[in-house]
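Keep in mind that the numbers below use all heavy atoms, side chains included, and drop hydrogens, waters and symmetry copies. First the proteins, then the strands, lettered A, B, ... as listed; each starts at 1.
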Amino acid sequence: MNVEELSGLPPGAIQHVRQEGIEELYPPQAEAVEAGATDGENLVAAVPTASGKTMIAALAMLSAIERGGKALYIVPLRALASEKKAEFDAYEDFGVTTGVATGNYESTSEWLATKDLIVATSEKVDSLVRNGADWLSDLTCVVSDEVHLIDDRNRGPTLEVTLAKLRQLNPGLQVVALSATVGNADEIADWLDAALVDSDWRPIDLRTGVHYGNALNFDDGSSREVPIEGSEKQEAALVRDILEEGGSSLVFVNSRRNAEAAARRLGGVSSPELTDEERTELTDLAAEIRDDSDTETSQDLADCVERGAAFHHAGLSSTQRSLVEDAFRDRLLKVISATPTLAAGVNTPARRVVVRDWRRFDPSAGGMAPLDVLEVHQMMGRAGRPGLDPYGEAVLLAKSHDESEELFDRYVWAEPEDVRSKLAAEPALRTHALATIASGFARTRSGLLEFLEATLYASQSTEAGRLESVTDDVLSYLERNDFIERSGGRSGADDDADGAFTSAADLAEQASREEELEATSLGHTVSRLYLDPMSAAEIVHGLEGAKERPTALGLYQLVSRTPDMYELYLRSGEDETFGELYYERERELLGDAPSEFEENRFEDWLAALKTGKLLEDWAEETDEETITERYKIGPGDLRGKVDTAEWLLGAAESLAREVDSEWTVAVREARARVEHGVGEELLELVSVGGVGRKRARRLYEAGIEEPADLRTADKGVVLAVLKGKKTAETILENAGREDPTMDGVEPADPGNGTILDSSGGRDTPTESGETSTDERADESQSSLGDF
DNA sequence: ATTCGAAGCTTATAGACAGCATGTC
DNA sequence: CTATAAGCTTCGAAT
């Protein structure tokens with residue numbers, strides 16, 4: 001189908017598509033159009049990555065917008081949200097505006113109402129539904145990208161419930177679900193009342209194979225000799241082999257450490273192939289990476305990058321991840337070794353993909369468990385860069401002939417697994433049952449069950465009554481913890497828990513005499529805050545049990561033990577370290593500690609203490625390098641923890657207000673301290689624009705203790721402390737100083753001179769610059785060892 | 001004695017959404 | 001209870 005044949009798009013859209021160099025639609029795209037994608041029909045497109053899925057979505061969204069509607073594009077990752085946003089921004093040429101809604105990249109709800117197309121994470125959409133964003137009812141088209149993630153134990157139910165809610169909210173809504181190729185795309189299509197486009201077609205040929213010995217054998221029967229030289233590893237031979245032809249590669253491994261070690265080795269392969277120009281650019285890139293964060297991980301990454309290789313995992317900061325991804329896309333980096341982060345993330349295609357490890361540690365399996373076919377296929381799908389590579393190659397590594405056979409059977413020839421709903425898991429249902437009741441989607445037990453009937457779970461469920469019994473467990477949990485109330489009707493729904501209802505009439509009759517379920521004020525708050533009810537219960541309980549003002553550590557440990565915080569892992573020997581810390585600071589901790597004899601629970605408690613201690617270190621201005629080294633984590637982990645703590649403590653503050661806790665202020669202060677990473681005494685300074693933890697500390701040491709001091713302090717001192725003239729001016733201006741200019745001001749040593757502006761400052765205490773730089777340095781030295 | 005390397009033993013294990021209101025060094 | 005690579009430590013052989 002030629003793009004000229006498309007109808008119903010905004011004027012200019014076709015021209016835009018042609019400017020992108022697209023004349024003909026890919027077969028799956030044409031199929032999607034024939035299935036009614038541009039006519040508002042529901043559609044499930046199960047097609048490989050990089051086969052033009054976004055185009056299918058775009059055609060549906062643009063035609064919906066042209067008909068006067070509004071479109072929503074749901075993505076699983078924040079990084080993908082910004083990637084899509086950048087892509088859709090080009091539609092502005094023909095008058096289609098795009099907005100983004102994610103947790104950290106914020107647009108106000110009113111502002112989103114003015115946009116034609118909105119990109120959001122599934123959680124954000126869920127949250128918007130809970131908070132009743134009124135523009136949601138204007139939606140006429142919803143796209144769900146990577147819809148197979150419904151299978152994900154943690155986040156799948158959110159997507160599933162959100163789609164069900166949007167459809168209920170908006171009966172005429174067009175749903176377009178984009179999925180990787182999965183076993184049961186037809187089931188998903190049935191669930192969504194959608195037409196199905198199920199295709200293996202790819203714009204670039206993908207050859208998959210297994211490397212064993214010196215040979216690379218492909219699925220089409222062809223083979224290629226890839227000899228191993230000397231003591232090099234298989235993946236090194238494969239990377240070298242394709243690099244000699246000018247192709248880049250992506251190596252997937254199963255742990256961070258392996259990713260780093262592999263990148264170090266692969267640098268030896270890429271380095272000799274670099275041109276002088278590339279070397280210079282890579283040196284700059286390495287400098288940017290070191291600049292972003294001063295940690296060992298950054299150093300290691302920068303060292304690899306200088307040699308044309310990189311590793312990629314969640315320990316990297318988001319900046320570093322983007323730098324690596326961009327440089328790889330620009331063909332500056334020749335090889336990346338990555339954990340699964342890269343398989344599901346933003347688009348980073350390579351000529352050759354090597355899936356080195358096909359087993360991963362999984363404690364629930366008691367050891368190494370094989371990866372899902374779907375996951376391996378997702379990795380392999382990264383092979384082949386449209387327009388750059390003649391074909392893509394995906395290679396698995398075998399160490400024996402038997403393994404080679406197994407890999408062919410298990411992954412090369414195998415069909416991906418079915419997508420199975422995980423909604424009946426109690427943690428998921430706990431959250432979504434509350435949200436569904438709180439936002440008025442259901443008012444009774446049977447109403448809730450009726451709503452759940454509209455989910456994929458119900459359409460897949462084989463175990464009759466399972467959803468019902470989990471629902472009852474969850475409802476009684478919610479009631480016990482004061483998140484919902486039952487009123488009217490007969491008391492207790494349990495008496496009919498075992499008799500599954502059969503007809504709609506039964507159901508209606510049951511509903512009519514059934515008690516009402518209503519969220520309490522606390523329940524509403526919890527739902528709106530997007531907290532797991534169990535987290536909320538833990539926090540409320542902890543705050544209510546506090547006899548005296550909670551310390552920062554107490555609050556940090558409290559939020560760290562909620563299910564919403566991904567705890568740090570307790571390493572061997574650390575149970576002792578943190579056991580000691582626990583006895584030392586037991587009094588600060590909120591709530592009841594489990595007994596030491598309940599081993600698992602006590603260990604969780606200590607793991608939360610470890611996480612809490614990390615947050616305390618951060619709030620005591622310990623530098624990034626020290627923390628990452630002390631806890632053996634990457635900069636990305638630290639920022640992630642701080643971010644989550646900030647969110648949870650913000651929520652905790654709302655909860656504290658809700659239950660009239662007397663510790664609201666303590667919570668707020670603890671939150672502000674993690675947010676800025678500073679001690680209590682710097683909280684005021686840090687509120688001035690341009691002043692962060694480092695600058696605040698230096699200003700404080702120079703005797704400038706609060707924003708008011710900035711307005712009266714000697715400019716020379718300020719300049720000496722803040723280094724840059726421009727920085728100093730901006731900060732003084734932000735502090736509200738009348739005359740912030742630094743023209744003609746010379747840096748003045750605060751140590752032996754006056755701190756006050758000689759021309760008449762007011763009440764700045766001269767004696768307060770006493771915490772000397774040396775003292776602080778000593779402090780951080782000694783705290784290094786006390787672990 | 002010193003150095004180097006193979007062999008044996010120990011150790012540790014992927015990812016990342018969310019409130020609210022604005023901006024680090 | 002299922003694995004595996006990396007990174008130590010140890011031990012032995014070659015220098």
Side-chain angles (χ1 to χ4, degrees), chain A residues 75-79 81 101-106 108 120-128 130-131 149 152-156 158-159 233 252-262 264-265 291-294 312-315 318-319 338-345 356-363 365-371 375 399 431 525-532 535 564-566 569 571-573 624 632 636-637 639-641 643-644 646-655 671 675-677 686-696 698 722-724 727 730-731 734:
Chain A
V75 292
L77 297 170
R78 295 198 285 227
T102 66
N104 62 348
Y105 185 90
E106 188 81 1
T108 62
T121 53
S122 34
E123 284 75 12
K124 189 64 188 187
V125 179
D126 187 16
S127 164
L128 288 164
R130 295 183 187 196
N131 288 284
L149 290 174
D152 185 279
R153 186 156 292 284
N154 300 313
R155 299 178 56 207
T158 303
L159 178 57
K233 304 250 178 179
F252 285 105
V253 298
N254 66 1
S255 74
R256 293 178 177 194
R257 203 169 59 165
N258 286 347
E260 295 183 15
R264 215 170 300 133
R265 281 195 310 265
D291 215 39
D292 175 66
S293 121
D294 188 16
H312 189 286
H313 58 60
S318 55
T319 313
T339 56
T341 12
L342 216 56
R356 193 192 75 177
D357 301 331
W358 57 280
R359 281 189 271 238
R360 182 163 51 221
F361 183 79
D362 176 4
M368 302 303 274
L371 303 186
E375 198 175 350
K399 274 167 226 62
T431 300
T525 303
V526 171
S527 171
R528 273 188 283 107
L529 289 170
Y530 213 80
L531 282 178
D532 183 328
S535 298
D564 278 309
M565 174 75 88
Y566 195 88
Y569 172 90
R571 289 160 191 277
S572 69
E624 193 184 24
K632 301 205 169 48
D637 301 300
R639 292 175 201 188
K641 289 283 170 300
D643 206 52
T644 310
E646 219 180 299
W647 165 58
L648 282 171
L649 287 161
E653 190 190 331
S654 301
L655 288 175
R671 192 203 63 84
E675 178 185 350
H676 299 288
V686 104
S687 69
V688 176
V691 180
R693 66 199 307 238
K694 302 254 171 75
R695 286 174 183 167
R698 288 206 303 269
L722 296 175
K723 315 279 183 340
T727 320
T730 313
I731 288 173
N734 291 340

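Of the possible donor and acceptor atoms, one in the side chain of A:Asn734 sits under 3.5 Å from a partner among the backbone N and O of A:Gly689. Within the 3.5 Å criterion, the main-chain N or O of A:Val253 finds no donor-acceptor partner in the side chain of A:Asp357. The closest donor-acceptor contact from the side chain of A:Ser535 to the backbone of A:Leu531 lies at 3.5 Å or more, if one exists at all.
Annotation: side chain of A:Asn258 is not in contact with side chain of A:Thr339 (no heavy-atom distance under 4.5 Å). Within the 4.5 Å cutoff, no side-chain heavy atoms of A:His676 are placed close to those of A:Arg693.
Among the protein residues, A:Val75 comes within range of no part of the nucleic acid, since none of its heavy atoms lies under 4.0 Å from any strand. Looking at heavy-atom distances under 4.0 Å, A:Val253 makes no contact with the nucleic acid at all. Counting non-hydrogen atoms under 4.0 angstrom, A:Gly650 reaches a base of the nucleic acid. Within 4.0 Å (heavy atoms only), A:Gly724 reaches no atom of the nucleic acid at all. Residue A:Arg695 is classed as a base contact, given a heavy-atom separation below 4.0 Å to a base. Across all strands, A:Asp362 comes closer than 4.0 Å to no nucleic acid atom at all (heavy-atom distances). Among the protein residues, A:Ser572 comes within range of the sugar-phosphate backbone only, with heavy atoms under 4.0 Å from sugar or phosphate atoms but none that close to a base.
Listed nucleotides: B:dA18, C:dT4, B:dG15. Nearest to the side chain of A:Tyr566: B:dG15. Residue A:Leu77 has its side chain nearest to B:dA16 when only B:dA16, B:dG15, B:dT13 are considered. For A:Asn154, the listed nucleotide lying nearest its side chain is B:dG15; candidates were B:dA18, C:dA3, B:dG15. Candidate nucleotides B:dG15, B:dG19, C:dA5 were compared by shortest atom distance to the side chain of A:Asn258, and C:dA5 ranks first. Side-chain atoms of A:His676 lie closest to B:dT24 of the nucleotides B:dC17, B:dG19, B:dT24. Here the nucleotide nearest the side chain of A:Arg571, chosen from B:dA12, B:dA18, C:dA6, is B:dA12.
In terms of phosphate contacts, A:Arg256 brings a side-chain nitrogen or oxygen within less than 4.0 Å of OP1 or OP2 of B:dG15. Between B:dC17 and A:Arg78, a contact under 4.0 Å exists linking OP1 or OP2 to a side-chain N or O. The side chain of A:Arg265 places an N or O atom within less than 4.0 Å of a non-bridging phosphate oxygen (OP1 or OP2) of C:dA6. The phosphate of C:dT4 (OP1 or OP2) has a side-chain N or O of A:Arg359 nearer than 4.0 angstrom. Considering only side-chain N and O atoms, A:Lys399 lies under 4.0 angstrom from the phosphate OP1 or OP2 of C:dA5. Contact annotation: A:Thr102 does not reach the phosphate of B:dC17 (side-chain N/O to OP1 or OP2, under 4.0 Å). Distances shown here put a side-chain N or O of A:Lys233 below 4.0 Å from the OP1 or OP2 atom of C:dA6. Between A:Thr339 and B:dG15 there is a side-chain N or O to OP1 or OP2 distance below 4.0 Å. Distances shown here put a side-chain N or O of A:Tyr569 below 4.0 Å from the OP1 or OP2 atom of B:dT13. For B:dA18, the OP1/OP2 oxygens have a side-chain nitrogen or oxygen of A:Thr121 closer than 4.0 Å.
For A:Met368 and A:Arg671, each mapped to the nucleotide of DNA chain B holding its nearest heavy atom, the one lying further toward the 5' end belongs to A:Met368. In terms of position on DNA chain C, the residue among A:Arg264 and A:Asn254 whose nearest nucleotide sits closer to the 5' end is A:Asn254. Judged by closest nucleotide on DNA chain B, A:Ala314 is the one of A:Ala314 and A:Arg528 placed further toward the 5' end.
With a 3.5 Å ceiling on both atom-pair distances, the Watson-Crick or G-U wobble partner of B:dA7 is C:dT9. Pairing of B:dA18, defined by two Watson-Crick or G-U wobble distances under 3.5 Å, is not identified with any nucleotide. Pairing of C:dT2, defined by two Watson-Crick or G-U wobble distances under 3.5 Å, is not identified with any nucleotide.
Here A:Phe361 does not lie in a stacked arrangement on the base of B:dA12, lacking the combination of planes under 30° and ring centres under 5.5 Å apart.
One atom, NZ of A:Lys632, and another, C1' of C:dA6, lie 15 Å apart when rounded to the nearest Å. Distance, A:Phe252 CZ to C:dT4 C1': 20 Å, rounded to whole Å. In this entry the distance linking NZ of A:Lys124 with P of B:dC20 reads 7 Å, nearest Å.
Salt bridge absent: A:Glu260 and A:Arg256 never bring a charged side-chain N and a carboxylate O closer than 4.0 Å. Salt bridge absent: A:Lys641 and A:Glu646 never bring a charged side-chain N and a carboxylate O closer than 4.0 Å.
Only the C1' atoms considered, C:dC1 is 31 Å distant from B:dA16, to the nearest whole Å. With C1' as the reference atom, B:dG15 and C:dT2 are 23 Å apart, rounded to whole Å.
Between A:Tyr530 and A:Asp564, the side chains place no donor N or O within less than 3.5 Å of an acceptor N or O (distance only, hydrogens not considered).
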